[in-house]
Amino acid sequence: MKIAILPGDGIGPEIMAEAVRVLRALDLPGMELHDGLVGAAAWRVHGHPLPPETLALMHACDALLFGAVGDPACDGLERHLRPEQAVLGMRKELGLFANLRPAKVFPGLEAQSSLRPEVAGAIDLMIVRELNGDVYFGEKGMRETADGQREGYDIMSYSESEVRRIAHAAFRTAQGRSGRLCSVDKANVLETSQLWRDVMIEVAAEYPDVTLEHMYVDNAAMQLVRAPGKFDTIVTGNLFGDILSDQASMCVGSIGLLASASLGAEQTAYGTKGAYEPIHGSAPDIAGKGLANPVAMILSAAMMLRHSFGLEAEAARIEAAVASALNAGALGADLGGTMGTVAIGDAVLAAL
Ligand SMILES: NC(=O)c1ccc[n+]([C@@H]2O[C@H](COP(=O)([O-])OP(=O)(O)OC[C@H]3O[C@@H](n4cnc5c(N)ncnc54)[C@H](O)[C@@H]3O)[C@@H](O)[C@H]2O)c1
Ligand SMILES: CC(C)[C@H](C(=O)O)[C@@H](O)C(=O)O
Ligand SMILES: [Mg+2]
């Protein structure tokens, strides 16, 4: 059970330390943790956000725990050297095309949601975000128009096979939940989305036990705050999924609570190879202050145990400890409390 530990930048190392403490406390036989550099931390040492050493480590491990990347000092670098390329490169290089982003309200935290507690209390949804295509990975650049203006462009596209494989992942996810799948697109305007919708309908024929509905992304953004409890499994493209998942986090209460699993087709001796990371970023505004909420990172470690190592009981044990610590008031500033990163980690460890 080889796990790459990739803390990254900003609050990444602070929250990773807490997730590692929780993992070590489980004392899992055969667990090996291997440290690697990503993001600005790697660029400073190796001149690249995803250096060959780290890529080799990623390939050699069964699962990856990823903190966050991003550093305002790097915003002026050429795009291929920016820290964010580490997370994009990891996802593409390892073929991690299915990003699961669960959002569920924790008992006792309903009042911390940006929504009314009775609306927030009903949230239990899963966003299945496509992660290897869309406008993220299309041709992009800067050019000059005929009248001499600068013009930036990013091509949005999805091939049939890219949509088909995320559709299967989403239908299977919905089967394991309530059997309701909502595909979010912009098919009223975008050809990319029309293909997305057509393929979703084709694949639906193979899953008669799942009910498929379609929703335009603008409506989905609205419904997510109007009645989030009506959603169960959502499947959507890379860009829409990025935006809707940050939005879902505040419906739950804080972006510091939402974990994710990024899965591909590769199988290891233990299960599906994957990368596990919070949905949030490096939070430069609070980095180094011990204020970051480590819960999303700790829950990402739980998702890793479930999806990459088949350790369902251990994953559930971490999740129960987190829920219990939060319910008992282990809250940081993001949730109206006063606890710091390490104190929240202590509370989770005590509840294990
Ligand atoms: N997967 C990733 O590594 C990832 C994801 C998103 C953004 N980023 C990068 O992170 C940098 C900062 O981006 P941003 O500010 O737009 O988004 P962000 O998610 O880093 O922060 C947004 C806001 O949420 C707060 N926040 C985030 N995580 C928190 C936590 N665990 N506990 C408490 N508060 C938390 C931050 O303090 C900030 O106010 C950028 O360089 C961006 O590209 C990286
Ligand atoms: C940092 C960035 C490239 C990344 C994304 O857009 O996918 C982040 O926002 C996320 O949600 O993981
Ligand atoms: Mg994002």
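Read the numbers this way: they start at 1 and go in the same order the structure lists the ligands and their atoms.
- For the pair Ala296 and ligand 1, no heavy-atom separation below 4.0 Å is found.
- Only the side chain of Glu84 comes within 4.0 Å of ligand 1, counting heavy atoms alone; its backbone N, CA, C and O stay farther away.
- Counting only distances under 2.8 Å, and ignoring water, the protein N, O or S atoms around the Mg ion (ligand 3) are Asp242 OD1.
- Contacts between Ile11 and ligand 1 below 4.0 angstrom, taking non-hydrogen atoms only, involve the side chain exclusively.
- Between the side chains of Asp242 and Tyr136, at least one donor N or O sits under 3.5 Å from an acceptor N or O.
- The closest non-hydrogen atom to atom 35 (C) of ligand 1, taken over Leu335, Val295, Ile286, comes from Ile286.
- Checking Gly281, Pro294, Ala86, Ala283 against atom 6 (C) of ligand 1, the nearest heavy atom belongs to Gly281.
- Between Glu277 and ligand 1, a contact under 3.5 Å exists for at least one N or O pair.
- Distances shorter than 4.0 angstrom occur between a heavy atom of Asp285 and an atom of ligand 1.
- Cation-pi geometry between Arg165 and Phe97 is met: the NZ or CZ atom falls under 6.0 Å from the ring centre, inside 45° of the normal.
- Remark: the Arg91 side chain and the Asn132 side chain contain no N/O donor-acceptor pair separated by less than 3.5 Å.
- For the atom pair NZ of Lys273 and SG of Cys61, the computed distance is 7.0 Å after rounding to the nearest 0.5 Å.
- Atom 44 (C) of ligand 1 has Val69 O, 2.9 Å as its closest protein atom, hydrogens excluded (heavy atom only).
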Dump the pairs for me: ligand 2 N or O, protein N or O, distance under 3.5 Å, to 0.1 Å.
unit_1   : atom_1 : unit_2 : atom_2 : d
ligand 2 : 6 (O)  : Tyr136 : OH     : 2.5
ligand 2 : 7 (O)  : Arg91  : NH1    : 2.7
ligand 2 : 7 (O)  : Arg129 : NH1    : 3.2
ligand 2 : 7 (O)  : Arg129 : NH2    : 2.7
ligand 2 : 9 (O)  : Asp242 : OD1    : 3.2
ligand 2 : 11 (O) : Arg101 : NH1    : 3.3
ligand 2 : 11 (O) : Arg101 : NH2    : 3.1
ligand 2 : 11 (O) : Arg129 : NH1    : 3.4
ligand 2 : 11 (O) : Asp242 : OD1    : 2.9
ligand 2 : 12 (O) : Arg91  : NH2    : 2.7
ligand 2 : 12 (O) : Arg101 : NH2    : 3.0

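- With a heavy-atom cut-off of 4.0 Å, Pro284 touches ligand 1 through its side chain alone.
- Close N/O approach between Gly70 and ligand 1 is not found [any backbone or side-chain N/O within under 3.5 Å].
- Under the 4.0 Å distance rule, the nearest protein heavy atom to atom 22 (C) of ligand 1 falls outside the cut-off.
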